[in-house]
Amino acid sequence: NEPAPAAEGQDGGLKDTVIFAQGADVTSLDPHIGKETPAVTVHGQIFNPLVTTDKDMNVVPCLAESWEMLSDTSYKFNIRKDVKFHDGSELTAEDVKFSLDRAMASSYVSYIVNFIDNVEVADKYTVIVNTKEPYAPTLMNLTHPSAAIVSKAITEKDPESIKTNPIGTGPYKFVEWKPGEYVKMEANQDYFGGAPKTKYVIMKVIPEAAQRTIALETGEVDIAYDLSANDLSKVSENPDLKLLEGTSLSAWFLQFNMKNKPFDNKLVRQAVRYAIDSQTIVDTILYGAGEVAGSIIPPIAFGYQDVAKYEYNKEKAKELLTQAGYPNGFDAKLYVNDNQQRIEICQVIQSQLKEIGINVEVVVLEFATFIENTNKAKHDMGFFGWTTSTADADYTYYPIYHSSQHGAPGNRSFIANPDVDKYIENARITADSAARLENYKALEGIISEESPVAPLFYNKVNVGTSNKVQGFEVQPAGYHSYFNVTAAK
Amino acid sequence: MAELLEIRDLFIRYETVDGVVEAVNGISLKLDKGSTLGLVGETGAGKTTLAKGIMRLIPNPPGKIGGGEIIFDGQDLLKLSDAEMRMVRGKKISMIFQDPMTSLNPVMTVEEQIAEVISIHEKVKGKEASQKAKEMLELVGIPAERSEEYPHQFSGGMKQRVIIAIALACNPSLLIADEPTTALDVTIQAQVLEMMKKLKNKLNTSMILITHDLGVVTQTCDYVAIMYAGEIVEYGALREVFKNPQHPYTKGLFGSIPSLAEDVDRLKPIKGLMPDPTCLPEGCKFNPRCEYAGEKCRCEAPKMAEVDGSHVVKCFEAQGLL
Amino acid sequence: MNEVEKDQRKEKTLFQESWRRFKQNKLAMVGMWFLILLTAISVATTVIDFATNKRIYDTYVISQNLTLRLKGPSAEYILGLDEFGRDILLRMLWGTRYSLFLGAIGIAASTVIGGTLGAISGFYGGKVDNIIMRFMDILLAIPSILLAIAIVAALGPGLVNILIAIAISYIPTFARVVRAKVMSIKDQEFIEAARAVGAGDARIIFKYIIPNSLAPIIVQATLGVAGAILSIAGLSFLGLGIQPPMPEWGAMLSNARTYIRDAWHITVIPGLGIMLTILSLNVVGDGLRDALDPRLKN
Amino acid sequence: MEENAQKAEILQVKNLKKYFKTPKGLLHAVDDVSFNILEGETLGVVGESGCGKSTMGRAILRLHEPTSGEVMFKGENILKYDKKRMKKLREEMQIIFQDPFASLNPRMTVSETIIDPLIIQGKYKKNDREGLKKKVREIMDLVGLSQKLINTYPHELDGGRRQRIGIGRALALNPKFIVCDEPVSALDVSIQAQVLNLMQDLQEDLGLTYMFITHDLSVVRHISDNIAVMYLGQIVEKAPAKMLFRNPLHPYTNALLSAIPVPDPDYIMERILLQGELTSPINPEPGCRFAKRCIYAAPECLNQEYSLKEVEPGHFAACSRLDDIKK
Amino acid sequence: MHKYVLKRFAMLIPVLIGVTFIVFFIMALTPGDPVTIILGDNATAENVAKLTEELGLNDPLIVRYVRYMGGLLKGDLGKSYSNQLSVLDQIADRFPNTLILAAAAIFVSLLIGIPVGIISAKKQYTWIDNTSMITALMGVSMPVFWLGLLLVIVFSLKLRWLPSQGMGQGLIGVLKSLILPAVSLGAGSAAMVTRMTRSSMLEVIRQDYIDTARSKGVKESAITIKHMLKNALIPIITVVGLQFGHLLGGAVLTETVFSWPGLGRFMVEAIKKKDTPSVLGAVIFLSVAFSIVNLLIDILYAYVDPRIKSQYKVQSAAGRRGE
Ligand SMILES: Nc1ncnc2c1ncn2[C@@H]1O[C@H](COP(=O)(O)OP(=O)(O)OP(=O)(O)O)[C@@H](O)[C@H]1O
Ligand SMILES: Nc1ncnc2c1ncn2[C@@H]1O[C@H](COP(=O)(O)OP(=O)(O)OP(=O)(O)O)[C@@H](O)[C@H]1O
Ligand SMILES: [Mg+2]
Ligand SMILES: [Mg+2]
C-alpha cells in the first residue's frame, strides 16, 4: 500500500543485499532454544508462528489463516494450505503439533507455551490447541517467535540439523552462520506471502554501540539496531541516514529487596521512588529517547494501567524517610550488571538518593553474578529491565509479582502478597478483556502503594537506517521483519 | 727499509661523564715494512685505543681523535673519506682482537666470515671467494672440510687462527694484533704465535703486536714501544730496550715478573697503581710511582730523547737531566 | 697524594652511582618527576579527604550536575565536565591514587609472591624448580585477561579483588625474571666465597642473592605497574572495573568511550593521563635498567 | 719424603674424584688424584684451562661435594664431617678466587665483606661494633688496604685492591690452609707482583699453607715449594719446584715448559709444539689421556692406565715411556 | 630434533591437565548458575531444574571434571551450555580468525619495532633515539580500546579508507579489514619489540666481532644487517614469542572494538555466561597454541643461532644413547 518504492524502479535500482547490525550474535538458530532478542531477530525471518502481530500489537494471521475459540480452553487454527518449508515440503497440522510440543518440552522457551495442555491435529490443515485452564493471553503468546513452527520431518530425522541449518517457512532461507560474525539469509522465492524483493539479508554482529553507528555512517551496514543514546542525534541529523524510533515493550525499574531492612518498610520504598528524578535520567542519559514510567507494563501492551506516577519530590521523600524512622538516611547497595548505560543510570540514582541521605553503593556485577546475587536476595535494590514481549501484561506481572516466582523467574523484590497473587491469577484465567483489566487495575493499585519496584522509564526501540532503506517497520518487541525491506543502490 | 707507517703526535680522548680520558697523548711512532713492533703496557695504558685509532675505529661518541697524523703508505689515514678508509681496512691494514671467543660472529660460518673480507676487497664473489676462504683456512692449519662450521664448534686456539686467516686473507701490508694470545693457554699461545710469525714472514707483512707479556714480545718483535698512561715512554730495537732498559717504568716491569732463570725471594714491583685516566698527574705521568722522581718530574713533562741508535726514552733521570 | 684525591672523588655509594647515571637520562628524569607529582597529588588528595572527612570528595568529585554534562573545558572547569557533569580536573586529581596505587600495590604483591617462588625455584633448582615452574607454566598458559576476569567474577567486584586478579596474573612473569636472575647470581664466585666461610642458605639468599637481584626486579616492577594500569583499564572496558563513582582513570576512560565523538575532552584527558603515567613508568623503568645494569658501568 | 719428616702433613688427598653430570655424559673433572701438602708450604698446581684445577681446589674444601676419595685435614677425613663440624672447619680452610670482580658481593662494602665471615662463624657478635671495627682495621692493614677504603664498594676499586679484599676475607678467620685459585692471573704484572709479595709475606708471618693454582709457570715456580702438573683431571707430574723446571719428565710438562715465552732476547727457545688442544674430559677413554697429543706416544699408551711413579726422590711422573724419552 | 619436539608435546599434557583443572574449578566456584543465566527472564523453577539436569550440572564437581576429561581424551570438547552446539566446531570457526589477527599484529609490530629499534640503538642517546623511543612507548601506553576507537574515527569515519569493523570478504577484503585491528593490537607489541631490538642491538654493538667486521672493511649497512641484527634476533624472537602468546589471549578487547569474530570474544562471552565447556575449550586451544608458538620459537632459535642447534643435536644424541 506504499506506492513510493515501486516508483523508484524495479530490481535494477535495488541492492541485492541488506545488512543489518546488532550487538550480539544469535545464541542458537533453533527457535526453541535461542530466545534472546538477537536470536529472535533472525528466527523471525526464517520461521513463522501461527499468528503474529502488526505494529500496534494486534494479533493478525500468519501460518494460521483464521482461528476460533471452541471453548474457554480450546482454540482451533486453520492453517494456510499454500505454505512450503524451505526444502519444498508442505506445512501441515502435524508440523504445528510437533513444533508446539517441542516448544513445550524445551527448557529454554517452554514458559511461552506452557499454558497449553495439548495440541490436537484435527485434520491436515487444522489444529486444536487445548489449554490447561482458561488463559487469556493465549493468542499473544502464540505470536511470540519462540512459538515458531518447524518441520517435523526434518527435525525428527536429524534433531541437530536445526541448530546448524534451520529450515522454516519464513520469507528468508538460512544460508550461513559464521558465529560471532554474521548470519546470511536468502530470499525465499516460494514464500506464501510472496517473494521478498531483497535477495539477501545479512545480520552482522557489532558488539560496540558506537561502532554500529560508525558502520552505519560509513555505509558498511544498511541498518543498525540499538544505537547508543548519544549517537541518536548523529543519525537523525545525518542527511544520508534516518532514525526510526518506536515505542518499545521494555520497562526499566528498580526492584527493592523487601526481605532486607530497611526496604521491608513501605515508606522507605516510597521515599526512594519520590527521590528519583526519572525525567532527568531520560533527558540526559537517554538523550530523551524514553518515557517516564509509572508501571512496568508498557502502554502499548494489553493490561496497561495509567496509574499516577511518583512525581519527583525531594521533600516528600525526606518526610517519608523521617516517618519511616530514617531521618538521616542509611546505606544501601544498588546492584546492576555490567552494562554501561545501566551503570550510568545507577550512578545518577546514586547521586539523587544521596540528596535525601541514602548512601548508595553501586555494585556492578558481571551478569552471571548479578543474576545469582539478586536471585539470592543479596541486593537492597537491583536495576532491572523487562520486555513484555507478548504485549500482554501477564507476561510481566506473573513473573515479577507473583509469590511463586521468587528469585530466578523474575520476582526479585520478593513480594508475597495474597491479593496481588489473586489478581494476577484471576486475570490469567479469564478470557474476558474487561474482567482482566479490572483485575489489573486493582493489582496496579496495590503495587503502586506497596511499591515493590520503582518503575523508571520505558525506552524506545531505535533503529538507524540508511536513507536508501525502504519498508522497514519498527516493531515494539524489537522483532523487526525484513519481508518488505529494500535498499536502493 | 721503507717506512710503512708513521704516526705523528696523535691524540685520542674519550669524553665520558666521568671526565675526559686522555687515552692517547701525543704519540709518535714509525714502523718499517716487514718489521714487527711490540707495544707493551699495563691495562688502560691506551694500547687498544692507539690500535683502533690507526684503524679509525674509535667509537664516537665518546671517542675523538684530537689531532695528529697517521701516515700510511704516504697517505694520511685521518684525511681519508669513510669509504676510502673502508677500502684500507682489511685490505691494507688488518686487525686482530684480544679475545678469540668473542671476535667471531657466532651466527656465521667461519668460511662466510673469511669470504666476506675477500669478496669486499678482491672483487670476487660466491664460489671463488669461498674457495679462497678454504685455502686461507688450510693455511692457518684448519682442515678445509671444517669451513662450514660455526665458531662455537671451534676451540679457542682454532678460533684465533680463523681470525688470523680473516686478517691475512687479503694480504695486508700491516697487521695489528691486539693481545692475540692473552686469552689462550701457553701451549696454544705457542702454536698461534709460531704460526703468525711464519705467515708474517711468508706474506711479508708488517705487524704491531700489542701485549703486556714481555716474553711474547721477546719471541716475536723487532722493535718495542713501552706505553704508560697514553704515552710512549721508551722505544727502541728489542735488544736495546730489553738489555738496557732506561725508563724506570720499563725497569719496574722487568722487576715484576718472576724469572725462570734466577731465584729471587721477593719480586720488585712498581709501587702504586695506574693513575686515574681522567686526572693524570702533572709533569711526568709516572712520577707518583717513580722512585727517582724529583721536583722537576712533578712539574715538567719530559721529552723523548735518544739514548743510542733507535733507542729513545722519555725520562729526565735517564736523560741525565735530574 | 693522587690516591687520596682519587678515593675522595670516588667515595660514592652504589645508590649514588646509579642515581648519577640515572640523572643523565633526561627522559627518565622527566618521567620520574611526573611520577613524583602524581604521588604528591595522591598523598595530598588523601590527606584532604582525611582532613575534611571526604567532604570535598562527596561534594565536588562525585556529585553530579546533569545539566552541564559533557561540557567542554572552560575557565571555570579547566578540563571540562564528564558525562555526569562532574569536574574532570578534580576527578583526575582524585583518581591519581587509584590509578597509580592499584597498579603499584598489585604489582608489589605479585613481586613478593612471584619473586619468592622464583627465588626458591632458581636457588634450589631440581625438583622444587620443576614443580614451581610447571605451575607457573600453567598460569602462563591461561591468558591473563581471562584469569583476571575469572577471578573478578569469582571473588566479586571491588578494589581488592581487582588487585588480587592483577597480582595473580603477574606472578609468573616475576617468578621467571627472579628465577633467571637468581640462577645467574647463584653461580657467581662471591656466593661460593660465602659458602667457603660457612654461610648457610638463608644467609646466602638474604644477604647475597636478594640484594643483587633487586635491580631487575625493580625494573620489571616499574614496567609491571604500567601493565597493570592498562589491565585495569581493559577490565573496565569489559565492564569489570572499579565500582562507580570512584574516579579511577581507566574506568573514566572506558566509560567515556561512548562519548568519544561527542566530547573529545572526556576521553582524551583520562587517556592522556594514563598514557603519560605509563610512558613515565616505562621511561623510568628503562632508565633504571640502564642505571642499574652493571654491564654499562664505567 | 723423609727429609721433610719434621714438617707435618697438613693435608692429604687420596684418590679424590669429582665427576659432573652433563647432558653429554659424565664429565671427569678430577679423576683420581692423590697428593699431600706439608704445613707452611705451597703446592703449586698448573695445567691448561679446563684440566680440573679449580674443581680440585673446590672439592677439597667441599664447595663441590667430591664424588669419592678422601681429604684428610690434620689427619681427619673431612668428607665425613657433618654440617656443623664442616662449618667450624671453614675457619681453618679458606679460598681466594681468581676473578676479583665476580668473587666479591657488589652490594657489600669492604668492611661488610670482611666482617661477614666473622659473624657467620660467631667470632664476634653483630652488635660488637668496636670489636669488629678493630678487627677490620687489623685485617686491612695486614693486606695493605688503606683505612679510608673501609666503606667503599668493590666496583669503586681496581683489581689489585679487590684482590686484597678477597685475601682479607679469607684471612679474617685465621685459616691454616688456603686454596688460591689463580689469585693473580687477572692482574697486571706490576700489581701481580705486589700481590704475590703480599701473599708470600703473609705465608711467612702467619705460617699459612697454600695450594696455589695457576697456569702461569713463572709464577708457580716463583711461589711454590712443590708443583703438581695436571692434565685432564689427573696429576701427571709432581716434584719440588726447582726439580721440575730443571728436569721435567713427563712429555706434557716438557711441552708446557718449552712453550713459556722468556723475556730475554738471548734465550733461544726450543718449542715443543703440541698438536691440537685439550680434549673433552667427558667419558674419557682409558689409557694415557695425553697420548693423542704426545709426540712420544706408542700404541700401548692408549691401553694402559698409568699412575704416578717416583722417578727420583720427591719427583713423581705418570708416563710409561719415561725411559724411552730420556734417550 | 623430532625427539625434542615430541618431548615438548609430552610436556604439554601436565600443563593441559593443570590448566583445565584450574579453569574448571574457578568456573565452578564462581557464583552464578549457567542455567539461570541462559534462561534469564521467566526462568521458572521447573525449567531451571530441567535444564540443569539436561546439562548434567546436578552431578558432583569431580564427576563432571572426570567426565569432561574423559571426553577430552576422545577429542570431544563437549557442547556449549548456552546453545548446545559443539564447542569444537564453534572454536574451529573462530580460532583461525584470532590467529590471523595475532599474526598480523605481530607482523605490524615487527614492521615497526625492528627498524625503529635498530635506528634507535645506532643513534643511542640522540634526539632520534629519544623521539623514536617515545613514539614506540606511546604505543604501549595507550589502552588498546582507546587507540582502536581513535583509529576507527580517523581512518574509517573521517577518511573512509578502511572498514571500521568486521572481517572482510576475499583476500583483499580480509586484509583491508585486518589493518586497523592489527595496528591497534600490535601497537603494544611494537613497543616491546622496539625496546628489545634496541637493547639487544646495543648489546651486540659492543661486541668484539662487530669491530672485527669493521676492521674487515664491511659497510656499515651490511654490518647492521648481517652482523648485528642476526645476533640481536634471539632476544627479539623471545619477546615476539611471548607477545604472540599475550596477543592470542589479549585480543579480547580488539576483537570487541572491531567486531572481529575471534576466540577472545567468544571466551569472554562464555565466561560471562558461565559456559564452562566453551571456556575450557577456548583455554585449551589457547594453551596449546601458546605452547606451539613457544616450541616454534625454540626451533627458530636453533635456526638463527647455530650454538643452539648443536645443543639440540647433542640432546637427541644423548637421548638415543640412553635407549
Ligand atoms: N669506549 C670508551 N669509552 C670511554 N673510555 C674508554 C673507552 N675505551 C677505552 N677507554 C679508556 O681509555 C683508556 C685506554 O684504554 P685502552 O683500552 O686503550 O687501554 P689498553 O691499554 O688497551 O688496556 P688493556 O690492556 O686493558 O686492553 C682507559 O682508561 C679506558 O678506560
Ligand atoms: N659445576 C660444573 N658442572 C659441570 N661441569 C663443570 C662444573 N665446573 C667445572 N666443570 C667442568 O670441569 C672441568 C674442569 O673445570 P675447572 O674449572 O676445574 O678447570 P680449571 O683447570 O680450573 O680451568 P681454568 O684454568 O679455566 O680455570 C671443565 O671441563 C669444566 O667445564
Ligand atoms: Mg686493550
Ligand atoms: Mg679455574
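No experiment lies behind these values; they were computed from the predicted model shown. Throughout, a chain's letter reflects where its sequence line sits, starting with A, and its residues are numbered from 1.
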At a 4.5 Å cut-off on heavy atoms, which part of E/M267 comes close to chain C: side chain, backbone, both, or neither?
side chain
E/V19 versus chain C, the contacting section by heavy-atom distance below 4.5 Å
both
Does C/S121 reach the side chain of C/V128, with side-chain heavy atoms less than 4.5 Å apart?
no
Applying salt bridge (charged side-chain N to carboxylate O under 4.0 Å, His left out), run through C/R176 and C/D137 and close with a yes or a no.
CA-CA 10 Å; C/R176 290 191 152 200; C/D137 281 351; 3.1 Å; yes
Nearest-0.5 Å distance that lies between atom CD in E/Q165 and atom CZ in E/F258
10.5 Å
Report which part of C/S254 has an atom under 4.5 Å of a heavy atom belonging to chain E: side chain, backbone, both, or neither.
both
Interface moiety of E/L137 toward chain C, non-hydrogen atoms closer than 4.5 Å:
both
Check whether E/L253 gets within reach of chain C through its side chain, its backbone, both or neither, counting any heavy atom under 4.5 Å.
both
Heavy-atom distance under 4.5 Å to chain E: side chain of C/N25, backbone, both or neither?
neither
For the residue pair C/F22 and C/W19, categorise the inter-ring angle as parallel (less than 30°), tilted (30 to 60°) or perpendicular (more than 60°).
parallel
Return the orientation label for the E/F25 and E/Y65 ring planes: parallel under 30°, perpendicular over 60°, tilted otherwise.
tilted
Let me know if E/V288 has heavy atoms under 4.5 Å from chain C in its side chain, its backbone, both or neither.
neither
Side chain, backbone, both or neither: which part of C/A233 has an atom under 4.5 Å from a heavy atom of chain E?
both
Part of C/L230 lying under 4.5 Å from any heavy atom of chain E:
side chain
Per-residue tally against chain C (heavy atom, under 4.5 Å) across E/R195, E/K274, E/M138, E/M11 peaks at E/R195
So which of E/L242, E/L157, E/I284 has the largest heavy-atom pair count under 4.5 angstrom toward chain C?
E/L157
Taking side chain as everything from C-beta outward and backbone as N, CA, C, O, which of these in C/L281 sits under 4.5 Å from a heavy atom of chain E? Side chain, backbone, both or neither.
neither
Do C/I164 and C/N161 have side chains that approach each other closer than 4.5 Å (heavy atoms only, starting at C-beta)?
yes
A side-chain contact here means heavy atoms from C-beta on lying under 4.5 Å apart; do C/M252 and C/I88 qualify?
yes
Chain C heavy atoms under 4.5 Å from E/P14: which part of the residue, side chain, backbone, both or neither?
backbone
